[in-house]
**Student:** 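Below you will find the structure I want to go over with you.
Everything numeric in this text was worked out from a predicted model, so none of it was measured.
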Amino acid sequence: QVQLQESGGGSVQAGGSLRLSCEASGSASTNTYCMAWFRQAPGKEREAVATIYTYGGSTIYADSVKGRFTISQDNGKNTVYLQMNSLKPEDAAVYYCAAVQFGGTCWPQFKRPGYLGQGTQVTVSS
């Protein structure tokens with residue numbers, strides 16, 4: 001079992017920045033293949049934003065966030081971060097953290113075995 005604790009969401013004006021954090025805990029938290037951030041805006045499907053692979057640290061980003069968002073991890077703390085700069089109104093959504101174990105996928109879709117967090121709201125005003 002893995003518990004994911006997200007934090008860092010909030011309201012910001014366009015052009016501003018936010019940093020999301022997601023700490024994984026639990027007995028299976030050290031068996032993570034990749035971690036990712038997804039988002040879902042009202043009326044839209046959930047979409048992958050960024051992912052990072054635990055071993056090697058390679059990353060993938062959605063085209064819409066490349067150059068603005070950075071995903072990073074602190075393996076010692078079982079924590080993944082999403083630094084979001086130059087935020088746009090279209091970035092507003094509920095952001096979900098995912099921790100995926102071997103056999104699952106982080107990109108382009110979340111596929112178990114893995115866990116999704118409860119989500120944190122990001123609001124961007126124009």
Side-chain angles (χ1 to χ4, degrees):
Q1 189 76 6
V2 175
Q3 292 78 44
L4 299 173
Q5 182 64 54
E6 299 143 326
S7 61
S11 297
V12 65
Q13 289 189 329
S17 298
L18 285 173
R19 189 194 195 206
L20 305 183
S21 299
C22 174
E23 181 178 3
S25 61
S27 60
S29 61
T30 57
N31 188 33
T32 301
Y33 168 58
C34 55
M35 294 189 75
W37 289 96
F38 293 84
R39 68 185 181 187
Q40 188 167 18
K44 296 187 177 181
E45 293 187 354
R46 185 173 64 203
E47 63 173 342
V49 176
T51 192
I52 187 165
Y53 290 88
T54 302
Y55 300 97
S58 59
T59 58
I60 306 174
Y61 294 94
D63 287 343
S64 59
V65 306
K66 282 181 182 176
R68 300 188 297 120
F69 290 13
T70 303
I71 189 170
S72 60
Q73 62 187 357
D74 183 335
N75 289 338
K77 296 181 180 179
N78 285 339
T79 300
V80 65
Y81 306 97
L82 186 68
Q83 178 67 43
M84 305 186 294
N85 298 328
S86 302
L87 282 160
K88 304 176 181 180
E90 52 263 42
D91 294 318
V94 177
Y95 282 70
Y96 298 90
C97 172
V100 175
Q101 297 168 309
F102 289 91
T105 65
C106 283
W107 196 272
Q109 293 179 341
F110 169 72
K111 180 180 178 183
R112 290 182 170 85
Y115 302 85
L116 272 179
Q118 293 297 308
T120 184
Q121 179 72 50
V122 171
T123 302
V124 184
S125 58
S126 57

**Student:** Heavy atoms only: give me the nearest Cys106-Thr51 pair and the separation to one decimal.
**Tutor:**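 Heavy atoms of Cys106 and Thr51 come nearest at CB-OG1, 3.0 Å.
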
**Student:** Is the Phe102 ring parallel, tilted or perpendicular to the Tyr33 ring (thresholds 30°, 60°)?
**Tutor:**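 Ring orientation, 0 to 90° scale: tilted.
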
**Student:** Does atom CD of Gln13 have more than 12 heavy-atom neighbours from other groups under 6.0 Å away?
**Tutor:**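 Open.
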
**Student:** Quick one, Leu87 and Phe69 - any side-chain contact, counting heavy atoms below 4.5 Å?
**Tutor:**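 SC-SC contact between Leu87 and Phe69 confirmed.
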
**Student:** Sort out for me which residue in Leu82, Val94, Asp91, Thr120 forms a side chain to side chain contact (heavy atoms under 4.5 Å, CB included) with Arg39.
**Tutor:**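 Of all the options given, the one that passes is Asp91.
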
**Student:** Any chance CD of Glu47 has more than 12 other-residue heavy atoms, nucleotides or ligands included, within less than 6.0 Å?
**Tutor:**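 Count over threshold, so yes.
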
**Student:** Give the minimum heavy-atom separation between Trp107 and Ala62, together with the two atoms involved.
**Tutor:**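 In this case the closest contact between Trp107 and Ala62 is CH2-N, 3.4 Å.
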
**Student:** Rounded to the nearest 0.5 Å, how far apart are OH of Tyr81 and CD of Glu23?
**Tutor:**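 Tyr81 atom OH to Glu23 atom CD measures 8.0 Å (nearest 0.5 Å).
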
**Student:** Count the heavy atoms of every other residue, nucleotide or ligand shown that sit under 6.0 Å from OH of Tyr53, and state whether that count exceeds 12.
**Tutor:**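 Yes, because the 6.0 Å sphere around OH of Tyr53 holds more than 12 heavy atoms from other groups.
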
**Student:** Between Tyr96 and Leu4, is a side chain to side chain contact (heavy atoms under 4.5 Å, CB included) present by the stated rule, with each step listed?
**Tutor:** CA-CA 10 Å; Tyr96 298 90; Leu4 299 173; over 6 Å; no

**Student:** Give the minimum heavy-atom separation between Ala41 and Ala93, together with the two atoms involved.
**Tutor:**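 In terms of heavy atoms, the two residues are closest at N-CB, 3.8 Å.
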
**Student:** More than 12 heavy atoms of other residues, nucleotides or ligands under 6.0 Å from CD of Gln5: is that the case?
**Tutor:**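 No, CD of Gln5 has 12 or fewer neighbouring heavy atoms, counting only those of other groups under 6.0 Å.
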
**Student:** Whether the side chain of Glu6 engages the backbone of Gln118 through a donor-acceptor N/O pair (distance < 3.5 Å, no angle test) should be reported.
**Tutor:**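 Confirmed, Glu6 side chain pairs with Gln118 backbone.
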
